[in-house]
Every structure is written in structure tokens, then in C-alpha cells.
Number of protein chains: 4
Amino acid sequence: MRDTPIRRRKDARPAELLAAAREVFAAKGFAAARMEDIAARAGVSKGTVYLYFPSKQAVFEALVRQAILPNVERLEAMAAAYEGPTADLLRQAMALFPTLVRDPKVVTIPRLVIGEAGNQPEMADFYRREVVERGLGLISGILRRGAERGEFRPLAPDTVAKLWFAPLLLAVVWRTTFEPVGGAPLELDDYLRTHVDIMLRGLAPEGGTDAA
Amino acid sequence: MRDTPIRRRKDARPAELLAAAREVFAAKGFAAARMEDIAARAGVSKGTVYLYFPSKQAVFEALVRQAILPNVERLEAMAAAYEGPTADLLRQAMALFPTLVRDPKVVTIPRLVIGEAGNQPEMADFYRREVVERGLGLISGILRRGAERGEFRPLAPDTVAKLWFAPLLLAVVWRTTFEPVGGAPLELDDYLRTHVDIMLRGLAPEGGTDAA
Amino acid sequence: MRDTPIRRRKDARPAELLAAAREVFAAKGFAAARMEDIAARAGVSKGTVYLYFPSKQAVFEALVRQAILPNVERLEAMAAAYEGPTADLLRQAMALFPTLVRDPKVVTIPRLVIGEAGNQPEMADFYRREVVERGLGLISGILRRGAERGEFRPLAPDTVAKLWFAPLLLAVVWRTTFEPVGGAPLELDDYLRTHVDIMLRGLAPEGGTDAA
Amino acid sequence: MRDTPIRRRKDARPAELLAAAREVFAAKGFAAARMEDIAARAGVSKGTVYLYFPSKQAVFEALVRQAILPNVERLEAMAAAYEGPTADLLRQAMALFPTLVRDPKVVTIPRLVIGEAGNQPEMADFYRREVVERGLGLISGILRRGAERGEFRPLAPDTVAKLWFAPLLLAVVWRTTFEPVGGAPLELDDYLRTHVDIMLRGLAPEGGTDAA
DNA sequence: GATGAATGAGGGTTCATTCAT
DNA sequence: AATGAATGAACCCTCATTCAT
């Protein structure tokens with residue numbers, strides 16, 4: 001009733017525009033994406049985009065916020081609620097990523113942020129604070145928990161957090177940058193499972209066995 | 001110092017221009033970099049750049065080639081010449097990277113390639129083939145060697161190679177994208193030492209001890 | 001007068017722009033004509049021209065087509081419909097030219113084509129096929145008709161067609177190239193009447209009298 | 001001796017440069033011809049051209065003067081010396097043109113003048129006065145002589161002169177503009193012989209027979 | 001709200017001309 | 001005389017943004 005396909009709710013417009021923007025940005029990068037392309041892909045005219053976003057940069061910012069933050073929050077909630085062996089928590093957390101890295105809504109963004117960092121430092125800063133640091137802090141916390149419980153060797157948690165994170169970044173870059181130009185598709189599940197396996201073994205205290 | 005202004009200059013110009021281009025590209029990305037900026041930073045006029053490179057893209061390509069290929073070749077040579085415990089070879093190889101990742105001539109490039117992949121697929125393809133695949137192939141080979149000699153668990157070498165590689169990518173992105181906007185400096189030596197330590201432990205066969 | 005400034009304008013714009021382009025091209029030639037000049041003379045901004053024509057060459061091509069083809073078609077129609085003494089047909093056909101040669105929309109074009117032939121061979125080829133060859137073919141046909149009916153000497157029609165045509169070319173060149181720099185105005189009517197007179201006498205068979 | 005092929009007389013340079021300029025201008029038109037092209041075709045460096053000509057326009061002017069004037073003078077000399085039937089004089093004069101129209105040094109120039117008239121009015125004016133008006137004046141004089149001797153009908157000599165001239169212009173345009181893009185080669189000798197034949201018949205007084 | 005014609009600043013590229021060697 | 005590296009003005013074209021309808 002209140003969603004006739006012919007006369008769409010105007011509330012849906014921003015999201016539609018962001019979806020269109022994501023596709024165009026993903027295909028051409030920020031600089032080469034034309035507002036007209038975005039409008040066309042959303043099925044509206046050029047002027048209409050400006051009714052919802054004051055500028056191309058604003059579209060980009062909205063896109064980044066919308067696509068990433070919910071996932072960070074979901075992860076944080078999972079970690080906060082968890083009780084049990086730390087290794088399992090890490091396994092569970094990493095298990096979320098194959099889906100995310102396959103989701104174009106998500107995987108597209110980091111590449112754009114990296115590419116635009118020079119021109120849009122505020123955006124890069126925002127992304128660093130709200131996504132990267134929060135994500136790393138989350139892993140650090142888990143690692144600290146594991147070290148305190150004697151499950152892991154006591155390595156510097158901030159450093160190890162980055163090492164947990166790095167293969168995810170590689171996966172994102174691989175899929176967005178190298179697969180489109182002929183790179184062999186990444187076997188995400190194997191890849192991340194191996195990652196977790198090596199990391200947990202590598203972190204295990206001298207005597208104990210940790211990886212199940 | 002010894003600046004015969006004209007004739008001697010000619011030979012040095014391409015390198016000077018590439019250095020200038022690297023700085024400008026690093027600061028603004030490919031699209032936003034203006035040829036005039038590059039020229040000005042090299043101390044010449046706009047037209048002069050075109051005496052040495054036929055287009056902006058050509059500058060970019062020359063930059064990528066010049067900055068990266070020699071390093072890949074150096075690594076390959078090192079691996080080919082090596083005899084001894086495989087773990088030591090990996091340690092030696094990884095020990096080269098702190099210098100590389102600190103070298104602006106090198107660290108700048110991957111970010112540009114990632115940012116421009118949409119617009120310059122050939123460049124991304126070139127980089128994939130000549131840098132990424134060669135680098136991964138190198139590590140794969142080392143891992144295979146290690147597995148054959150019974151030094152490592154027999155995990156899929158192509159997958160593990162990416163896991164060795166991933167922290168380097170993160171280091172590059174960190175330094176180029178997040179440090180400039182307030183990220184805490186990466187402690188490269190610690191970071192890579194920890195990486196090697198965890199990986200070698202994680203790869204060690206069940207009974208044996210490998211990490212020193 | 002009735003100048004609804006926007007919406008009604010859109011349909012008129014191409015013609016306005018072509019008129020402006022013709023004036024600028026006529027004054028400076030193709031190469032030296034600046035898009036900005038054309039825009040300014042049409043009372044619009046630079047970018048507007050590109051809403052209607054994708055490039056400077058496209059403006060030129062549209063101009064040539066629009067200015068010339070209708071006249072060729074008109075002549076062909078006249079010849080096809082004609083019955084009566086062939087000499088009269090030639091007189092009638094040539095009587096159309098004073099108007100055409102005085103029309104700046106028409107007379108400007110051949111000079112541009114001649115001047116640009118080196119750089120725009122396709123344009124020259126188009127003009128040759130669609131204007132020159134068709135025009136000459138028309139005259140050839142008429143001459144053949146006259147020869148068959150015994151009204152003319154049987155000279156090679158293709159050759160004689162060019163001789164009928166040549167004074168028109170001279171008239172065009174004279175008006176566009178030499179009058180503006182001090183050449184005495186061409187008395188078009190006299191000039192062409194004399195041309196027809198001499199040609200018809202010159203073509204008349206030995207005994208017969210044909211020219212009135 | 002004084003013309004070792006290795007060390008050419010510097011006196012030859014201007015002529016060599018003009019020959020090169022003619023070829024380049026002929027191929028691309030004035031605007032699109034690059035000084036570097038001219039230099040390269042003459043086998044010298046860019047700067048050298050400026051030792052002999054102060055600018056691109058100056059090259060063009062020198063070219064026009066050098067290529068055309070001698071021919072006009074030759075024609076005038078022929079006419080001044082002539083005694084005999086006027087028709088024969090015209091025949092002899094026209095017989096010179098097949099050679100001229102085939103000579104690239106000559107045939108190239110008018111097209112350039114026509115194309116550049118807008119931008120170089122002085123050049124067009126020079127050409128009009130020194131070539132066109134002198135040529136037409138020459139023919140006018142001959143026609144007047146013929147009319148006075150009762151050999152021709154008393155038509156306005158200035159008008160008829162243009163009609164004598166027009167086929168030559170067409171021949172020039174044909175060869176330079178349309179032959180290169182697929183026009184059938186002009187049969188110059190036939191073409192001009194027919195021209196002379198028709199004109200002389202057309203000019204002949206009522207009763208008399210003039211054409212041999 | 002929606003449109004899309006219009007704007008005009010901006011940047012890549014070319015090339016006539018200069019001048020130190 | 002000759003070179004050719006260097007200059008910088010000029011111009012085509014793009015596209016983010018505006019605004020009258």
C-alpha cells in the first residue's frame with residue numbers, strides 16, 4: 001500500500017542514491033565518478049541528487065558512514081556479549097568476514113577511502129577513528145582478555161591486532177583491485193580459516209595446545 | 001653543487017620529474033595531481049614535462065615501474081641464491097621491508113595503484129602481474145621448499161603466501177593513509193618481527209620447534 | 001520577440017549555434033575559430049555548445065550538411081521534373097546560383113572545406129561525394145540529354161560539366177577570399193549570364209543556332 | 001666543387017626550407033603545420049628555421065612569393081611579345097597551365113591562400129593583387145586586343161577574363177582537395193583543350209569561324 | 001520535489017618562439 | 001651557424017554546481 005512501485009516513498013531516495021553512488025564510485029573511483037552517472041544509475045536527473053546531498057563529497061561521506069558503521073557496531077556487540085574461550089571468540093568474529101568481504105556495499109568503501117585519503121583527509125580520519133581504530137581496539141581487547149586468561153602468549157596486543165586485521169585488508173584489496181583485472185578469485189573461506197589457524201597456533205603459549 | 005644547468009640536466013630530468021611526480025601523486029592522488037604541480041615541484045614549466053613523458057598516465061606508469069620492479073628483482077635474486085633453513089630465508093626476506101616501507105619512493109606506489117585501479121586497469125594489471133604475483137610466487141616457492149624439507153606444515157602455499165604478504169600491505173596503507181591523518185606511527189621493526197614470529201610458530205610442524 | 005528564454009530555446013539552439021559557427025568559421029577558418037567565440041556569438045557560454053555538439057569537428061560537419069545538401073536536392077528535383085529545350089534547363093538551373101552565392105550560409109562552406117581538406121579528409125570526401133559529384137552528375141546528365149536530342153555538340157559530358165561548374169567555384173572564392181581584402185565586387189548576374197551565353201554558343205552544333 | 005653534398009652552401013637553405021614548408025603546408029594546411037615538421041623535413045633542427053625566417057607566417061609569405069610570381073611574369077612576357085591571331089595567343093597561354101597545375105610547387109599555394117584568407121588578409125590581398133588581378137588583367141588585355149581586331153564578340157573583358165580563368169581554379173582545387181580523397185584524376189589536357197574550344201567558339205563573332 | 005539546460009572554472013595538451021650552449 | 005631544451009600562452013573539452021521552470 002504505502003510502497004507502490006510506481007510512486008516510491010521519497011524516504012527511499014537517499015538510500016537509492018547511495019546505492020547508485022557506490023556502484024559508480026566502485027567502478028571508477030571518486031574523481032572519475034560523475035554526478036550524472038550516479039543520477040542516471042539511480043534513475044533520476046542530475047539536479048535531484050542535489051536535493052538530497054549538497055555536493056559530491058557529501059555523497060561520498062554519507063556512503064562511507066552508511067556502509068561501514070553498522071558492521072563495526074555489530075562486531076562490538078558480539079565481543080561484549082561473549083563469554084568462553086577467547087580463541088572461539090576470534091573464530092566467531094572472523095567468521096563474519098567472508099560475508100562482509102563478499103558484500104559489494106562493504107568491500108568497495110575501503111578502497112575508495114585509501115584512494116581519496118590525500119584529497120579528503122577528514123574522510124580518512126573519520127574512517128581511521130570510526131572503523132580502523134575501533135576494529136583494532138576490539139581485537140586488542142580480545143587479545144588482552146586471552147593473555148590475561150593465559151590462553152595466549154603475552155605479545156603486544158596493538159601489534160598483534162594489526163596482524164589479525166591485515167589479511168582482511170588484503171582480501172578487500174584483492175577483490176576490488178586485482179580480481180577485476182585478472183587476479184585469481186580469492187578462496188575467502190579457506191583463506192580466513194588458514195589465517196585463524198596459523199594465528200592461533202602462533203599465539204599459543206609454549207606448552208599448551210590451543211587450536212582445536 | 002655541480003649543476004651545469006642545461007646539458008647535464010637533460011639526463012637527470014626524467015628522474016627529477018618522477019621524484020616530483022611521486023610527491024604530488026602521493027599528496028593528492030593521480031586524478032587530483034596537476035601536471036603543473038609536478039612541473040613546479042621539479043622546478044620546470046608545464047611544457048617541459050611533456051618533453052620527457054607523453055602524458056600524465058605515462059608519468060604514472062614510469063613511476064610505478066621505476067619504483068617497484070628493482071625491489072622485486074632484488075628479492076627474487078636473494079631467494080634464488082639462498083641455501084639453508086627456510087625459516088632463516090623468510091626472516092632475511094622480511095628484514096628487507098622495514099627499509100622499503102619507510103622509503104617514500106616505494107611506499108607511495110601501491111596506494112596509487114589501488115586508488116586508480118578503476119580508471120587504469122592496465123596499470124593495475126601490470127602491478128598485479130609484475131609485483132603482486134611475482135612477490136606471492138616468490139613466497140609460495142619458499143613455502144613449498146620449507147614443506148618439502150619438512151620444516152613447515154603442508155598448508156596450501158598460495159594461501160599462506162598471501163598471509164605472509166598481508167601485513168606488508170597493511171603497513172603500506174597505514175603509513176600512507178592513516179598516519180598522515182593522525183594514526184599512531186607504526187613500529188615497523190617490532191611489527192614485522194612479531195609477524196615473522198607468529199607465522200613461523202604457526203607454520204611449524206606438530207612436534208618440532210622452529211622459532212628462535 | 002517571442003523569446004521564452006529556456007524551454008523554447010532548446011529547439012532553436014542548434015540552428016543558432018550553427019549560425020554563429022558559420023560566422024566565426026567564415027571569419028577565421030576552422031583551425032583559428034575558438035569554441036568560445038562561437039559560444040559568445042550565439043550568446044551562450046562555452047559549455048553550452050557541447051550540450052548540442054560533441055566536438056568542434058562535429059559543429060563543422062553539421063554546418064556543412066545543413067548548409068549545402070538542401071540546395072543540391074533542390075537542383076536535382078528541378079532537373080528531374082524538367083521537360084523542354086535543354087538550353088532552357090541550363091539557364092534555369094544557373095539562374096538559381098546568384099541567390100545561393102550571395103547567401104552567406106552557402107558561400108562560406110566551400111572555402112572552409114577547401115581550407116580544411118588536409119586535416120579533415122572525411123569532410124572533404126563527404127563534400128566531394130555529396131555536393132561536387134552530385135552537382136557534376138546533374139550537369140552531365142543534362143548535357144547528355146542535350147547531346148541526345150541533337151541540341152549540343154557531343155563533347156565529353158564529364159569534362160564539360162566541370163566547365164559549367166568552374167565559374168561558380170570562382171564566384172565563391174572571389175566573394176569569400178578576395179572581396180573581403182579589396183577585390184572589386186563580382187557582378188554576379190552579368191557574370192553568370194555571360195557564362196551561360198558563351199557556353200551555349202560554344203556547345204551549339206555546327207549549323208544550328210541555339211543561343212537566344 | 002663548390003657544392004659538396006656534405007657541406008651544402010648555406011645559400012641553399014632558404015630554398016630548402018621553403019620546399020619543406022610547401023610539402024608540410026600542402027599536407028596539413030597552415031594552421032596544422034608544425035614548425036618542427038618543416039624543420040625535420042628540411043633535415044635541420046627547429047631553431048634553424050628561425051635563423052632564416054622570423055615566424056611561421058613569414059615562411060608562408062616567402063613561400064607564396066617564391067612559388068607564384070615567376071609564373072605570372074613569364075605569362076606577361078609571353079603576351080607582350082606576341083603578334084598574330086589572338087585565339088592562338090590564348091591557346092598558347094592556356095597550354096602553359098597543364099605543367100603548372102601538375103607542379104606541386106605551384107598548385108599547392110592557392111589552396112593555402114584560400115584557406116588562410118581569414119587569418120592573413122594581407123597575404124590574401126597580396127595574392128589577389130600580384131597573382132589574380134595581374135592574371136586577369138593579362139587575359140582582359142588579350143580579349144580587348146581580340147575585340148579590337150574583330151576576332152571576338154565585344155563582351156565585357158573583365159567578366160570574360162574570369163570565365164577564362166575559372167577552370168584553372170577548379171583544376172587547382174580538384175587536384176589539391178578532391179583527388180586526395182578519392183576524386184577521379186582530372187584529365188588536364190583534354191579538360192583545358194575543351195575549355196579553349198568552347199570559349200573560342202562562344203566568343204566568335206556571329207558570322208565568322210574562328211576555332212580551327 | 002524534480003528536471004535538465006546552462007554555466008564557467010579548471011586542467012591536459014600543443015606548439016610557436018626563445019636562448020644558452 | 002646550428003642545436004634542441006625550455007617556456008608559457010592558448011585552446012579544447014569536462015563536469016560539479018546552479019536555477020528557472
Side-chain angles (χ1 to χ4, degrees), chain A residues 7-8 10 13 30-40 42-59, chain B residues 4-11 13 31-40 42-59, chain C residues 4-11 13 31-40 42-59, chain D residues 7-8 10 13 30-40 42-59:
Chain A
R7 184 177 297 263
R8 279 215 200 101
K10 61 183 182 308
R13 270 285 153 75
F30 178 82
R34 288 153 63 232
M35 289 297 262
E36 184 140 31
D37 295 337
I38 296 173
V44 300
S45 79
K46 222 176 348 171
T48 300
V49 184
Y50 285 89
L51 295 175
Y52 296 92
F53 302 96
S55 72
K56 191 179 171 185
Q57 290 219 10
V59 175
Chain B
T4 320
I6 293 291
R7 189 55 49 119
R8 179 119 40 205
R9 219 54 179 287
K10 197 204 165 180
D11 303 344
R13 271 287 147 74
R34 290 154 58 226
M35 288 299 261
E36 189 147 25
D37 295 338
I38 296 174
V44 299
S45 78
K46 221 179 349 170
T48 298
V49 184
Y50 286 90
L51 295 178
Y52 297 93
F53 301 97
S55 70
K56 191 179 173 185
Q57 289 221 11
V59 175
Chain C
T4 321
I6 294 292
R7 190 55 51 121
R8 179 117 42 203
R9 217 53 180 289
K10 195 202 164 180
D11 303 344
R13 272 287 148 76
R34 288 156 56 228
M35 288 298 262
E36 189 146 25
D37 295 337
I38 295 174
V44 300
S45 77
K46 221 181 344 173
T48 298
V49 185
Y50 287 91
L51 295 177
Y52 297 92
F53 301 97
S55 69
K56 191 180 172 183
Q57 289 221 11
V59 174
Chain D
R7 186 177 295 262
R8 278 212 201 103
K10 60 183 182 310
R13 269 288 151 75
F30 178 81
R34 290 153 63 234
M35 288 296 261
E36 185 140 29
D37 295 338
I38 296 173
V44 300
S45 79
K46 223 179 341 173
T48 300
V49 184
Y50 285 89
L51 294 176
Y52 296 92
F53 302 96
S55 72
K56 192 178 170 185
Q57 289 219 9
V59 175

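In what follows, every chain begins at residue 1, and chains take the letters A, B, ... in the order their sequences are listed.
When the side-chain nitrogen and oxygen atoms of A:Arg13 are compared with OP1 and OP2 of E:dG1, none of them lie within a distance under 4.0 Å. Under 4.0 angstrom from either OP1 or OP2 of F:dA5 there lies no side-chain N or O belonging to B:Tyr52.
The two residues D:Ala31 and C:Ala31 make their nearest non-hydrogen contact at CB-CB, 3.3 Å.
Atom-to-atom, CZ of A:Phe53 to P of F:dA16 comes out at 15 Å; the value is rounded to the nearest Å. B:Leu51 places its CG atom 18 Å from the P atom of F:dT3, with the value rounded to the nearest Å.
In this structure, the separation between NZ on B:Lys46 and OG1 on B:Thr48 is 11.5 Å, given to the nearest 0.5 Å.
The only option from B:Val44, B:Leu51, B:Val49 that meets the side-chain contact (heavy atoms from CB on, under 4.5 Å) definition with B:Arg13 turns out to be B:Val44.
Over its full length, the helix from E:dA2-F:dT21 to E:dT21-F:dA2 turns its helical axis through 10°, comparing axes from the five pairs at each end and rounding to 10°.
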- Message: How would you summarise protein contacts on nucleotides 11-16 of chain E per nucleotide, using B for base, S for sugar-phosphate only and - for none, with heavy-atom distances below 4.0 Å?
- Response: SSBBSS
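In this structure, A:Lys56 and A:Ile38 have side chains that are not in contact, with every pair of non-hydrogen atoms separated by 4.5 Å or more.
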